[in-house]
Amino acid sequence: MGLPDSSQDLTSEMEVDAFRRIFPLRFFERHLSESLRPDARPLDKARDTIVNLGLVSTADGSALAKIGSTTMLAAIRMEVMTPSTESPDEGCIAVEFHMPPICSPIVRPGRPAEAAPVISKRLSDTILSSGMIDLTELCLVSGKAAWMGYLDIYCLDADGALFDAALLSAVVAFSNLQIPVVALNDNGRIVAITNEKEQDNASIIEKEAVNKEKRKLTLKNIPFSLTCILHKNYILADPTTEEESIMDTLVTVVLDSSDQMVSFYKSGGEALAYSSSIKSCVELARKRAKELKEILGEMDVD
């Protein structure tokens with residue numbers, strides 16, 4: 001008695017899947033008309049978000065951020081450099097975003113993803129312009145030595161809203177960062193002090209210490225971002241790759257922890273960003289920033 005019903009259900013599922021593949025926009029618009037998405041999310045709701053600290057043992061700071069299926073792994077490596085003459089009391093941050101072929105079927109081996117350098121530049125601009133990091137905290141010896149922080153973010157799964165997940169992984173990685181212990185040697189050069197060599201270098205630490213123990217950065221004005229899709233009179237928060245591919249007008253709002261706007265970015269698409277839609281996106285970003293603050297608060301991220 002149950003076989004015909006099961007067969008009918010299977011046929012119905014196949015028909016829905018075929019319609020979704022052949023007419024993806026019509027499929028989505030049927031759901032949007034009911035203020036829902038195919039994954040049952042309301043239009044203004046972001047996907048479930050998970051963050052984890054310190055997953056890369058060889059890095060000075062690391063974190064994994066997952067928004068829905070979109071997954072980013074961020075790692076920070078600190079190196080001593082000579083500061084520029086223009087900023088003798090400041091260190092530097094270099095950001096690189098990577099999209100290996102494993103993250104998406106559209107990324108081909110041997111060919112760099114077109115989105116990677118764009119996201120790298122936007123991440124660098126956002127981190128620096130937000131004022132999250134005081135670069136003077138990275139100074140070791142004025143005009144002679146400062147820290148260069150190399151932030152590498154690897155996209156492990158690209159399922160939409162890549163910038164949002166990448167920025168979140170960067171923020172959490174910086175919260176996890178522990179600046180290494182260094183000292184001046186007899187030649188006046190900065191040397192790293194490792195646990196294995198701590199006794200051998202004890203005299204150096206006492207005599208010419210730059211910092212005697214690992215320390216964390218003071219993070220201020222932490223940036224949070226939310227990407228939305230503008231489609232007709234609809235606004236969809238935190239889109240998936242499928243949604244981005246068929247409704248290509250994207251806007252990204254970046255707010256700091258005081259709800260002040262850091263940047264507003266619109267990438268292509270036919271829909272115009274009217275003042276009403278911009279206002280709605282900003283309000284959604286404020287709501288999302290509050291959610292992310294709660295997540296980071298549970299992890300004691302300043």
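Every value quoted in this text rests on a predicted model; they were computed, and no experiment measured them.
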Contact between [X] and [Y] at the side-chain level, heavy atoms closer than 4.5 Å - yes or no?
X    : Y    : result
W147 : V182 : yes
I179 : L138 : yes
C228 : L284 : yes
L162 : M72  : yes
N221 : M132 : no
L32  : M247 : yes
S130 : F224 : no

Please report the closest heavy-atom contact between [X] and [Y], naming both atoms and the distance.
X    : Y    : result
R30  : S33  : O-OG, 2.6 Å
L123 : A166 : CD1-CB, 3.9 Å
P239 : L250 : CG-CD2, 4.2 Å
A59  : A75  : CB-CB, 4.0 Å
P83  : A145 : CD-N, 3.5 Å
V171 : P223 : CG2-O, 3.8 Å

- Task: Kindly indicate, with the supporting measurements, whether the criterion side chain to side chain contact (heavy atoms under 4.5 Å, CB included) is fulfilled by T252 and R122.
- Result: CA-CA 11 Å; T252 300; R122 289 174 59 195; 3.4 Å; yes
Keeping [X] on the side-chain end and [Y] on the backbone end, is there a donor-acceptor pair under 3.5 Å?
X    : Y    : result
T126 : V262 : no
S104 : I106 : yes
R37  : F28  : no
K216 : S175 : yes
K220 : D134 : no
T241 : G160 : yes

- Query: How is the hydrophobic cluster of Y150 composed, in terms of its other members, when Ile, Leu, Val, Met, Phe, Trp and Tyr link through side-chain heavy atoms under 4.5 Å apart, directly or indirectly?
  - Reply: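 Direct or chained contacts put Y150 with M81, M148.
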- Query: Going by side-chain heavy atoms closer than 4.5 Å, which hydrophobic residues are tied to L64, directly or by a chain of links?
  - Reply: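 Cluster partners of L64: L55, V56, L73, Y154, L156.
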To the nearest 0.5 Å, what is the distance between [atom1] ([X]) and [atom2] ([Y])?
X    : Y    : atom1 : atom2 : result
T249 : I229 : OG1   : CD1   : 8.5 Å
L217 : Q178 : CG    : CD    : 10.5 Å
L230 : L236 : CG    : CG    : 9.5 Å
M78  : L177 : CE    : CG    : 5.5 Å
E283 : I235 : CD    : CD1   : 11.0 Å
I76  : F174 : CD1   : CZ    : 4.0 Å

- Count the heavy atoms belonging to other residues, nucleotides or ligands that lie under 6.0 Å from NZ of K290, then report whether that count exceeds 12.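 It does not: K290 NZ has 12 such atoms or fewer within range.
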- Can you spot which of P117, S124, S120 makes a side-chain contact (heavy atoms from CB on, under 4.5 Å) with F97?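 Among P117, S124, S120, the one meeting side-chain contact (heavy atoms from CB on, under 4.5 Å) with F97 is S120.
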- Item | Passing option when V51 is tested against V172, N176, L292 for side-chain contact (heavy atoms from CB on, under 4.5 Å) |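 Passing option: V172.
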Hydrophobic cluster membership, with links at side-chain heavy-atom distances under 4.5 Å among I/L/V/M/F/W/Y: are [X] and [Y] in one?
X    : Y    : value
F27  : Y234 : yes
F163 : I295 : yes
I119 : Y265 : no

Inter- and intrachain pairs under salt bridge (Lys or Arg N to Asp or Glu O under 4.0 Å), touching [range], at least two apart:
range            : result
residues 124-133 : K121-D125
residues 159-183 : R47-D159
residues 65-89   : R77-E79

- Does a salt bridge link D238 with R41, judged by any charged N lying under 4.0 Å from a carboxylate O?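 Judged by the 4.0 Å cut-off on N to carboxylate O distance, D238 and R41 do form a salt bridge.
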- Compute whether any side-chain donor of one residue and acceptor of the other, for H231 and E29, lie under 3.5 angstrom apart.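 Short answer, yes.
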- Name all pairs fulfilling the ring-ring contact (aromatic ring centres under 6.0 Å, His included) condition that reach into residues 70-92, sequence neighbours left out, sorted by first residue then second.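 Checked against ring-ring contact (aromatic ring centres under 6.0 Å, His included) - neighbours excluded - no pair reaches residues 70-92.
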- Item | Residue of the set T227, D44, T49 for which side-chain hydrogen bond (donor to acceptor under 3.5 Å, both in side chains) holds with R288 |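 When T227, D44, T49 are each tested with R288, the side-chain hydrogen bond (donor to acceptor under 3.5 Å, both in side chains) holds only for T49.
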